[in-house]
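This is a predicted model, so every value here is computed, not measured. Below, chains carry the letters A, B, ... as their sequence lines are ordered, and counting in each starts from 1.
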Amino acid sequence: MIVRDKPNAFMLFFVVQGSVVPVIAPQILISAFVAIIVHLGYLYLPSFIPDFTVTPFVLLGVTLSIFLGFRNRASYERWWEARKQWGQLIIDTRSIARQAQTYIVDAPTGTTSQLSSGKANKYHRRIALLAVAFSHALRHHLRDTDSTDDIAPFLTELDKITIKTVQHIPNFILNLLGAEIRTALQNNLIGEISARNLEERITAMASVLAACERIHNTPLPFAYSLLLHRTAYIYCFTLPFGLVASLGVLTPFVTAVIAYTFFGLDALGEELEGPFGTSPHDLALSSMSKTIEINLLETLSEPHLPAPLLPKKYNLS
Amino acid sequence: MIVRDKPNAFMLFFVVQGSVVPVIAPQILISAFVAIIVHLGYLYLPSFIPDFTVTPFVLLGVTLSIFLGFRNRASYERWWEARKQWGQLIIDTRSIARQAQTYIVDAPTGTTSQLSSGKANKYHRRIALLAVAFSHALRHHLRDTDSTDDIAPFLTELDKITIKTVQHIPNFILNLLGAEIRTALQNNLIGEISARNLEERITAMASVLAACERIHNTPLPFAYSLLLHRTAYIYCFTLPFGLVASLGVLTPFVTAVIAYTFFGLDALGEELEGPFGTSPHDLALSSMSKTIEINLLETLSEPHLPAPLLPKKYNLS
Amino acid sequence: MIVRDKPNAFMLFFVVQGSVVPVIAPQILISAFVAIIVHLGYLYLPSFIPDFTVTPFVLLGVTLSIFLGFRNRASYERWWEARKQWGQLIIDTRSIARQAQTYIVDAPTGTTSQLSSGKANKYHRRIALLAVAFSHALRHHLRDTDSTDDIAPFLTELDKITIKTVQHIPNFILNLLGAEIRTALQNNLIGEISARNLEERITAMASVLAACERIHNTPLPFAYSLLLHRTAYIYCFTLPFGLVASLGVLTPFVTAVIAYTFFGLDALGEELEGPFGTSPHDLALSSMSKTIEINLLETLSEPHLPAPLLPKKYNLS
Amino acid sequence: MIVRDKPNAFMLFFVVQGSVVPVIAPQILISAFVAIIVHLGYLYLPSFIPDFTVTPFVLLGVTLSIFLGFRNRASYERWWEARKQWGQLIIDTRSIARQAQTYIVDAPTGTTSQLSSGKANKYHRRIALLAVAFSHALRHHLRDTDSTDDIAPFLTELDKITIKTVQHIPNFILNLLGAEIRTALQNNLIGEISARNLEERITAMASVLAACERIHNTPLPFAYSLLLHRTAYIYCFTLPFGLVASLGVLTPFVTAVIAYTFFGLDALGEELEGPFGTSPHDLALSSMSKTIEINLLETLSEPHLPAPLLPKKYNLS
Amino acid sequence: MIVRDKPNAFMLFFVVQGSVVPVIAPQILISAFVAIIVHLGYLYLPSFIPDFTVTPFVLLGVTLSIFLGFRNRASYERWWEARKQWGQLIIDTRSIARQAQTYIVDAPTGTTSQLSSGKANKYHRRIALLAVAFSHALRHHLRDTDSTDDIAPFLTELDKITIKTVQHIPNFILNLLGAEIRTALQNNLIGEISARNLEERITAMASVLAACERIHNTPLPFAYSLLLHRTAYIYCFTLPFGLVASLGVLTPFVTAVIAYTFFGLDALGEELEGPFGTSPHDLALSSMSKTIEINLLETLSEPHLPAPLLPKKYNLS
């Protein structure tokens, strides 16, 4: 995710980092090149250059804009929903750690200190660490990368062995959390009502997981993207034939500007559609799971907290 | 559902699998054919060819685009809501299986092992299998196909006999789940608060069922589709009369491109409106109910898990 | 509600049932008639026919389309929300019947059979029948018709006498349901937590009632409809003056097509705005309340179930 | 709120009550007057009349329409959300009255009659009357009027004295409701779980209060309204310069129609933005709080119910 | 936030306070300046001035409008969601104070007075003050300013020392609230069910915190803003070349009006995107946290309440 102040009007035209231009440079250049050829043809071989007039481009341009707008809205909503789900994950992990400390208590001692001693304290620690592990595991799950190294510090030795045979790691960690609540309940460290409260947090984390999987696995209908892609290509590559009669030598410049707009919006819609990747337009999952780690270790009163991630070249990964 | 990477710009024009072109090829060809006739008429019998000028098409084109955009937005929202409901089903089935293991326990033994022995274990298994059966039954219910074979492995012999007299199979399976909770409660294997928690999951599954039935049974208002269809047909079939005077021999090409866009968007809106079918644009219900089956059997520690469904020719059914 | 497959392209132009054409035929014909007069005037008395040129119609047409689009979106959302509320009613009535069977039990006998004997069974039956009565009463309430005959089979003799003095019948039935839960609680047939669960269902049914009343009683702001109506009328009736100079004899045809689109979209927006009527564009409330009746009687293991409603001439009422 | 059937096409042009025309008549007349001046200037002093051509108006008109559409959508959503909040208030007040009767019972007598005798009955009455008082107080709070007279019949003498020193009357009434629940709990007339249920209703009423305050206190960003106002004024007052060359004597008529559309939509957006006033476009708060009063008095089995409000000249206040 | 009545039509053009004009004055002036140069060039050096014709500007103008509309909608939704979250905070802080008084009671005395004596009273006060501190801390957190002075009056001496070592102050205050509930529970001043109710309020406040952090930390995708900025700049700075041939001396005026509209909408979208700042378009966080302070101190029956914030030059900060 690009994090930077808006550049001023002059610098605006020279920003490359975070722009969609590198992605669509070939298409823009080809459009401009077609326009140059068309213009030369119009000057020296006019009979070979069909004159489309500008009319079809007005008809088609409005339709294309409306539907690109519709698709970009849908893509943006996916991107923003994905961000909301991770925001929800931040709430749920913070809450499960706080609620574990509130509800799981060593009944007989009746201690009121923030750091409950004895068995309850082990549960507080275990639940918070599993929540951290879940957030790292979810990130790797959504980026199709290997989570082993990132989650190892938060698991027991037994977990690390069991996890090798597991297909769906985030779901497995949720089951581990459920098992903690069950044993706390059986050991009378928590009441039934409070246990239900913690269980609700696990269900909420399961909701985040399923919602992220939904966004990750179900792209916008392929036929839409295909139709819009095709129309955008036909539009931009034939546009010079419509403009050359009235614009002459300016045709390549105007074609390039319009191609930049249409291809740029098309490419952005496509990039936002899958918000969990590592491109500059994607969400800062690494930074957010590191934030969860810091928050929860602070709740456990850990003396040494890891540093938050900082953007590299304005890009927060 | 089509699952594939975006093809490159050149290949883009030759993709057929997943495109809407096969559906609307007749309409595009007829439009182009009309355009050829109109052009020939304009050349040889100009007095018989009315000149519509392009004005009415600009007026109507904007309106048509705005309303096609409105309808496609509504259709897409139905499609995406249907996907959300199935995502919710994945959450609810995973959660009911996990919560059954957490809450239904053989009280006296106080065992903490993942595989509770005795009666409780039978409930864990029964509830998970009924949840799998529900997801298969729902798929068949929404596709108007027969679910008998797919749900048989997850039912008892008695269920299989009773189910023959039942009209609404998914609803019947929810009633079976409710009966399990009632008997677990009466046998003191679960507390009243926890039973309510499981009951909430059943209500959530009933919500998914009713929402999917809503989308399946209530299409967009027929008169809308009719009005947009008619306007799109009149528009595309009379368009050549508006273009021929200024475009000449290019009329068929331009007509075909515009017809492709309008008929394509119209057809896509119509296909997404009913997202539970088996066309390449519909949701991958078979794959999702298989995922539920795998997840829940893994939760039951089954040794042999079925393989997930893979796309055939990029199409995940 | 019109329920039919999409007709093919040729038949499309001859479908009347479910089309909005009958509603707006007068307006279309008047527009076309005005256009014929204008054309004749243009031919024989040109000095009396003002030439508006097409410019104002482009300016106004875009604005009108955008705002018709806005209004139709709002109307559609009302229609779809109304359908969602009825879908919610289906969930809540099914759930209250299932939950009554799960939670209200004859404590001492500890029977596990589906058909609890004794007092509990009477509550199961009474609650399910009241839920059916509520759905019929709500339908009549929203259609401003008399519900007496349709709800009588589900009420006691005492209810039938009391209900004659009642102003708000659906609300009265909810109060009867609340009274059942109170007496079940006082007779120790249900626990306090479970009673709360049933009470939540009644509150959910009260939400459906209030939401439907909101949609029924609060139309879109009248001034909007008025402004859009007026603009649409002025637009379509003056359009021939703008087209006649360039289109000549084609003016009436083009005017009629554009009038069909604008008046049709305006009329459809207006019809969907109030979705509880009995026009072909309205929701199939009769069919849905019959479905609720069938579902709940099946849950009570009634031997003879009523038949579901079938569409008449593609129209499901 | 205007409540009337749609007038027929002819009457449509003469409806004043409920139209936005009276509000914007000055602007329309000024636009038309400017157009007349411009036309006269064009005829007799053409060199003093700049010719804008229609091009800038096409460019600006589309932009203005899109942004007026955006603002009207936002205003309508505020208006509709306000209506939803009041619908929610109807649900919550009805439910708190019903739930008070269900949950607050004179424990020892075990009476099952609808009219519980003794202490419990006093709570039923007090809670219902406070809920009515809240709805009247909220209406006055949102309309910045004095609620003393309207809420007096539902308060005790002590309340009436205390309320004189209170700044925020609706919030004070919610605190009174909370105090009732506390004392009922302390007198063992209600269980802890059921008390929580009633408390949830108070929280829901507090949500309605805060949401209505949000809509009332936070208008759309002022700079938006300013920008759209200014652009609409510049547009309509310079439009005659763009039209006069092609339209001649028709310029004033066309200008007036377009000014009616743009100023009308601008004015409507502004009126709907603050939906709690007493203009004909605002919500019928008086009628809705009277409905709440009638519903709750009926629940208390009051013999004499007040009459519902009726529209005056189609206007329901 | 600007709070003022709409000025009349004449004054409208001279309002500066709250307008976006000061922000975009440079761009408007540069556009107009370019237009003057182009016009002079067109008069005296016509061969050096390319004639773009107006066609590309129509093509691009519609696209730009649609996407500016899309972005402004998204920005507005962020702004309005931020306001909703603060409205939710008002509800939650009021509710936690009221619920603390309802649920935390000195069990043995059974007092029913509004001002519970003894230990419970200390909890009421502590919880309300912490809720006030949270709202001030959240404001400073979102504005990246130092909260020490504003929250000091609501904390204990111990808190003030501890807080110096804390990174995330709002989260720390929520943990303090959680600790109060834990000790109240351990001292038997509150039941388990009621404690859960208070804990839900804390979770709700944590949701507000996370949602505000989401809006604060995740701007709209940078590449969108960049693409729209660039297109708007190219559009407005080349527009004179398209208009000069037909508009002549009016070119600078028309260019300035169109530049005002496009740059204004672009700038407004950007300002609303981050709604927590202190510009006149941002939310009145200071006023709202002061309102929370007043409401909660009034609930504690404090004799001297602070005065609400008033707008300065129509600007409520």
Side-chain angles (χ1 to χ4, degrees), chain A residues 26-27 30 50-53 55-56 58-60 62-67 69-70 73-74 166-168 171 174-175 178-179 181-183 185-187 192-193 195-196 199-200 202-203 206-207 209-211 213-214 217-227 229-231 233-235 238 270, chain B residues 1-4 6 9 12-13 15 18-20 54 57-58 61-62 65-66 68-69 72-73 76 79-80 83-84 87-88 90-91 94-95 98-99 101-102 105 110 112 114 191 193-194 197 243 246-247 249-250 254 257-258 260-262 264-265 268 271-272 280-281 283 294-295 298-299 305:
Chain A
Q27 285 95 318
I30 293 172
D51 179 7
F52 274 76
T53 78
T55 308
V58 173
L59 288 180
L60 208 53
V62 173
T63 311
L64 190 55
S65 297
I66 289 172
F67 279 88
F70 155 62
R73 174 107 197 135
V166 165
Q167 283 190 11
H168 196 306
N171 203 28
L174 293 181
N175 285 339
I181 293 170
R182 186 166 58 248
T183 59
L185 197 57
Q186 288 171 331
N187 292 320
E192 192 179 354
I193 293 169
R196 198 191 148 190
E199 168 63 38
E200 271 175 11
I202 302 179
T203 305
S207 292
L209 167 59
E213 285 181 333
R214 165 167 51 82
N217 293 336
T218 311
L220 289 178
F222 179 69
Y224 260 118
S225 306
L226 199 61
L227 196 152
H229 265 305
R230 281 177 179 167
T231 307
Y233 274 90
I234 295 175
Y235 188 88
T238 57
E270 198 177 315
Chain B
M1 198 180 69
I2 297 296
V3 181
R4 64 182 296 174
K6 293 290 178 332
L12 200 69
F13 290 91
V15 169
S19 167
V20 78
V54 83
F57 297 99
V58 173
V62 173
S65 297
I66 289 172
L68 275 176
N72 278 19
R73 174 105 198 138
Y76 167 72
W79 181 85
W80 191 229
R83 180 60 185 81
K84 279 188 178 167
Q88 188 60 41
I90 294 176
I91 299 170
R94 279 181 193 163
S95 295
R98 190 187 64 246
Q99 292 179 340
Q101 294 192 350
T102 304
V105 284
T112 62
Q114 185 111 357
I193 294 170
S194 307
N197 226 358
L243 297 177
S246 57
L247 285 182
V249 72
L250 296 167
V254 170
V257 168
I258 291 177
Y260 167 58
T261 308
F262 278 120
L265 291 167
L268 271 173
E271 300 235 348
L272 293 186
H281 314 295
L283 292 172
I294 297 170
N295 286 170
E298 191 173 24
T299 302
L305 300 178

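Distance NE2/His168(A) to CD1/Ile294(B): 11.0 Å, rounded to 0.5 Å. Going from atom OH of Tyr224(A) over to atom CD of Glu271(B) covers 10.5 Å, rounded to the nearest 0.5 Å. The CH2 atom of Trp80(B) sits 5.5 Å away from the OG1 atom of Thr218(A) when rounded to the nearest 0.5 Å. Separating the OG atom in Ser65(B) from the CD1 atom in Ile66(A) is a distance of 4.5 Å, to the nearest 0.5 Å. Rounding to the nearest 0.5 angstrom, the gap separating the CD1 atom in Ile258(B) from the CG atom in Leu59(A) is 5.0 Å. To the nearest 0.5 Å, atom CZ of residue Phe67(A) and atom CG of residue Leu265(B) are 4.0 Å apart.
Two residues are said to be in side-chain contact when any heavy atoms from C-beta on lie closer than 4.5 Å; Arg214(A) and Ile90(B) fail this criterion. Using a 4.5 Å heavy-atom threshold, the side chains of Glu298(B) and Asn171(A) count as separate. In this structure, Tyr235(A) and Val257(B) have side chains that are not in contact, with every pair of non-hydrogen atoms separated by 4.5 Å or more. Side chains of Phe70(A) and Leu68(B) form no contact here, defined as non-hydrogen atoms less than 4.5 Å apart. Looking at Pro221(A) and Leu268(B), their side chains never come closer than 4.5 Å, going by heavy atoms from C-beta outward. You'll find the side chain of Arg98(B) reaches within 4.5 Å of the side chain of Thr203(A), heavy atoms only.
Of the atoms belonging to Leu250(B), it is side-chain heavy atoms, and not backbone ones, that fall under 4.5 Å from chain A. Only the side chain of Thr55(A) has a heavy atom closer than 4.5 Å to any heavy atom of chain B. Using a 4.5 Å cut-off between heavy atoms, Leu209(A) contacts chain B through its side chain alone, with no backbone atom that close. Neither the backbone nor the side chain of Ala211(A) has a heavy atom closer than 4.5 Å to any heavy atom of chain B. Interface residue Ser95(B): only side-chain heavy atoms are found under 4.5 Å from chain A. Proximity to chain B (any heavy atom under 4.5 Å) is shown, for Leu227(A), by both the backbone and the side chain. Residue Glu200(A) does not touch chain B at all, counting heavy-atom pairs closer than 4.5 Å.
The candidate from Gly69(B), Gly61(B), Pro280(B) with the greatest count of non-hydrogen atom pairs under 4.5 Å with chain A is Gly69(B). Ranking Leu243(B), Leu272(B), Val249(B) against chain A, the residue ahead of the rest is Leu272(B), based on heavy-atom pairs under 4.5 Å. Of the listed residues (Thr238(A), Ile193(A), Leu185(A), Ile202(A)), the one with the most heavy-atom contacts under 4.5 Å to chain B is Ile202(A). Most heavy-atom pairs under 4.5 Å with chain B, from the set Thr53(A), Val62(A), Val58(A): that is Thr53(A).
Taking all atoms of both residues into account, the shortest heavy-atom contact from Val20(B) to Ala223(A) is N-CB, 4.3 Å. Closest non-hydrogen pair, Pro56(A) versus Val254(B), comes out as CB-CG1, 3.6 Å. For Ala210(A) against Gly87(B), the heavy-atom pair with the smallest separation is CB-O, 4.0 Å. Taking both residues in full, the closest heavy atoms of Phe262(B) and Thr63(A) are given as CZ-OG1, 3.7 Å, listed atom of the first, atom of the second, then distance. When all heavy atoms are compared, the tightest approach of Ala74(A) to Tyr76(B) is CB-CE2, 3.7 Å.
Using modelled atom types and a 3.5 Å distance limit, the side chains of Glu199(A) and Gln99(B) yield a donor-acceptor pair. Remark: the Arg230(A) side chain and the Thr261(B) side chain contain no N/O donor-acceptor pair separated by less than 3.5 Å.
For Tyr260(B), there are no ring pair (Phe, Tyr, Trp, His ring centres under 6.0 Å) partners two or more places apart in sequence or in a different chain.
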- Show your working on salt bridge (Lys or Arg N to Asp or Glu O under 4.0 Å) between Arg94(B) and Glu213(A) and close with a plain yes or no. CA-CA 14 Å; Arg94(B) 279 181 193 163; Glu213(A) 285 181 333; 3.3 Å; yes
